[in-house]
Amino acid sequence: MYLLEITTQTWITVGIVAGIFAGSALVIGALILLIGKVFKVDIDEKITKICENLAGANCGGCGCSGCSGFASKLADGSANLADCHVTSPEKKAEIAKLLGIELTDEEPTVAVVKCNGGAENCNDKFEYKGNPTCAANNALLGGNKACSYACLGCGDCKAVCPENAIEVTKRLAKVDPDRCISCGACITACPKNIIERIPSSAPVYVACSSKCSIKEAKEVMSACKVGCITCGKCAKSCPHGAITMVDNLPHIDYSKCTGCLTCVAACPRHTIVSRKVVAEETPEATQTSDNKSISE
C-alpha cells in the first residue's frame with residue numbers, strides 16, 4: 001500500500017513537471033511569434049527581383065559582401081549596374097527595367113596580371129620564408145622581389161578566384177581568359193594592385209606595372225629582364241595613335257588599337273604582350289620582329 005502511494009505521488013510529480021515544461025514551451029513559442037511580428041523586416045520586392053536577375057556569384061567584385069548587398073545598393077541608387085562584371089547583358093537589361101534606367105553598352109572584359117616577371121625574369125632582393133601569402137610577403141619591406149611592382153607569386157589571387165581561372169607558375173600569376181568571368185575578386189585580393197580588366201577582345205596588353213622614370217631605367221633593367229624602361233618606342237611606332245605614355249607606362253586606347261602588333265615588335269623589352277596566336281599575327285608585324293631579331 002505504501003509503495004503504491006509512492007508510485008502515485010511520483011507520477012503526479014512527473015505530470016506537474018511535464019505540464020510546466022509544456023506551458024513554458026507554449027509561452028516561449030507565443031513570445032517568438034509576437035517578437036517576429038513586431039520586429040519583422042519587410043524585404044523590398046524590387047530588391048528580391050534584382051537578386052533573382054543577378055548572377056549570384058557573390059564574388060565581391062562589385063565592392064559589396066554579396067549579391068544581396070549589391071541589389072540593395074542598386075535599389076537605393078547608391079551603386080552602378082556597371083560595377084557588376086559577372087551578370088549577363090540580358091539579365092542586366094532586366095535589372096535596368098526594374099530600376100527604370102537606361103542600360104549602356106558594355107564590352108565584356110577579362111582580368112590580366114600586369115607583370116611578366118616571376119622567378120625567370122625578375123630577381124629577388126632577399127629570400128622570403130614567412131607566411132606563404134602575397135599579403136604577408138608584401139607587408140615585409142614591400143615584398144621580396146627586386147622590382148617593387150612585381151607579382152609576388154604566392155597566389156592570393158588564385159585563392160579567391162571562384163572560377164579557378166588563375167594559375168601560378170614559377171611565382172607568376174596568369175589568368176585563363178576562357179575561364180575568367182571578370183568578377184574582380186583577384187583585383188581586390190592583390191596587394192600590389194597589378195591586376196586590372198581589359199576588353200576581352202584586346203589584342204595586346206602591357207605586362208608591367210613599374211612607374212619608374214627613364215632616369216631609373218638602369219635600375220629596372222638590373223631588377224627585371226622584361227620591365228618597362230619608359231622609352232616610348234611603342235607609342236612612337238603605333239600607326240594608329242593608340243598608345244600614350246601615362247605615369248611612365250604605355251597606356252593603350254583599345255578603341256583605336258587594331259591589333260597590328262607593331263608595338264609588340266617595337267618594344268625592346270618585350271613588355272607589351274600579344275594575346276593573339278602566332279597564326280593571327282600580321283605579316284608586317286612578323287617581318288618587323290624578325291628583322292629586329294636579326295639586327296640584335
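From T87, atom OG1 reaches atom CD1 of I181 across 9.5 Å, with rounding to the nearest 0.5 Å. Rounded to the nearest 0.5 Å, atoms NZ (K174) and NZ (K158) are 14.5 Å apart. Taking CG of N144 as the reference point, atom CG of N123 lies at 11.0 Å (rounded to 0.5 Å). The structure places CD1 of I194 at 5.0 Å from SG of C151, a figure rounded to the nearest 0.5 Å. The distance from atom CG of D124 to atom CZ of R171, rounded to the nearest 0.5 Å, is 4.0 Å. Rounding to the nearest 0.5 Å gives a distance of 7.5 Å between CD of E163 and SG of C183.
Other residues, nucleotides and ligands place no more than 12 heavy atoms under 6.0 Å from the CD atom of E120. Heavy atoms from other residues, nucleotides or ligands lying under 6.0 Å from NZ of K125 number more than 12. In the displayed structure, K211 atom NZ is contacted under 6.0 Å by more than 12 heavy atoms of other residues, nucleotides or ligands.
With contacts defined as side-chain heavy-atom distances shorter than 4.5 Å, the pair V264/V273 does not qualify. Contact check for M221 versus R269: side-chain heavy atoms found under the 4.5 Å cut-off. The side-chain heavy atoms of L152 and K192, taken from C-beta on, include a pair separated by under 4.5 Å. Between C228 and V206, every side-chain heavy-atom pair lies at or beyond the 4.5 Å cut-off.
Remark: side-chain polar atoms of S209 are paired, donor with acceptor, to backbone N or O of K114 under 3.5 angstrom. The backbone N or O of I243 sits nowhere less than 3.5 Å from a side-chain atom of K256 that would complete a donor-acceptor pair. Not one N or O on the side chain of D247 forms a donor-acceptor pair closer than 3.5 Å with the backbone of L249. Of the possible polar contacts, none joining the R197 side chain to the I187 backbone as a donor-acceptor pair under 3.5 Å is found. For the pair R275 (side chain) and Y205 (backbone), a donor-acceptor distance under 3.5 Å is absent. Side chain of N131 to main chain of A136: no donor-acceptor pair is present (N/O by atom type, distance under 3.5 Å, no hydrogens or angles). Counting only distance, with no hydrogens or angles, the side chain of D176 and the backbone of E167 share no donor-acceptor pair below 3.5 Å.
Residues I214 and I229 fall into different hydrophobic clusters, defined by Ile, Leu, Val, Met, Phe, Trp and Tyr side chains chained together at heavy-atom separations under 4.5 Å.
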Discussion item. Apply side chain to side chain contact (heavy atoms under 4.5 Å, CB included) to residues L98 and N53 and explain how you reach the verdict.
Written reply: CA-CA 10 Å; L98 290 170; N53 284 285; 4.0 Å; yes
Practice prompt. Kindly determine whether S182 and T109 satisfy side-chain hydrogen bond (donor to acceptor under 3.5 Å, both in side chains), including the steps that lead there.
Written response: CA-CA 6 Å; S182 198; T109 59; 2.6 Å; yes
Item to complete: Decide side chain to side chain contact (heavy atoms under 4.5 Å, CB included) for V112 and V175; before the verdict, give the C-alpha distance in whole Å, the side-chain angles of both, and the deciding distance to 0.1 Å.
Response: CA-CA 6 Å; V112 292; V175 180; 5.8 Å; no
Discussion item. Walk me through whether L261 and V204 qualify under side chain to side chain contact (heavy atoms under 4.5 Å, CB included).
Written reply: CA-CA 8 Å; L261 303 183; V204 296; 3.5 Å; yes
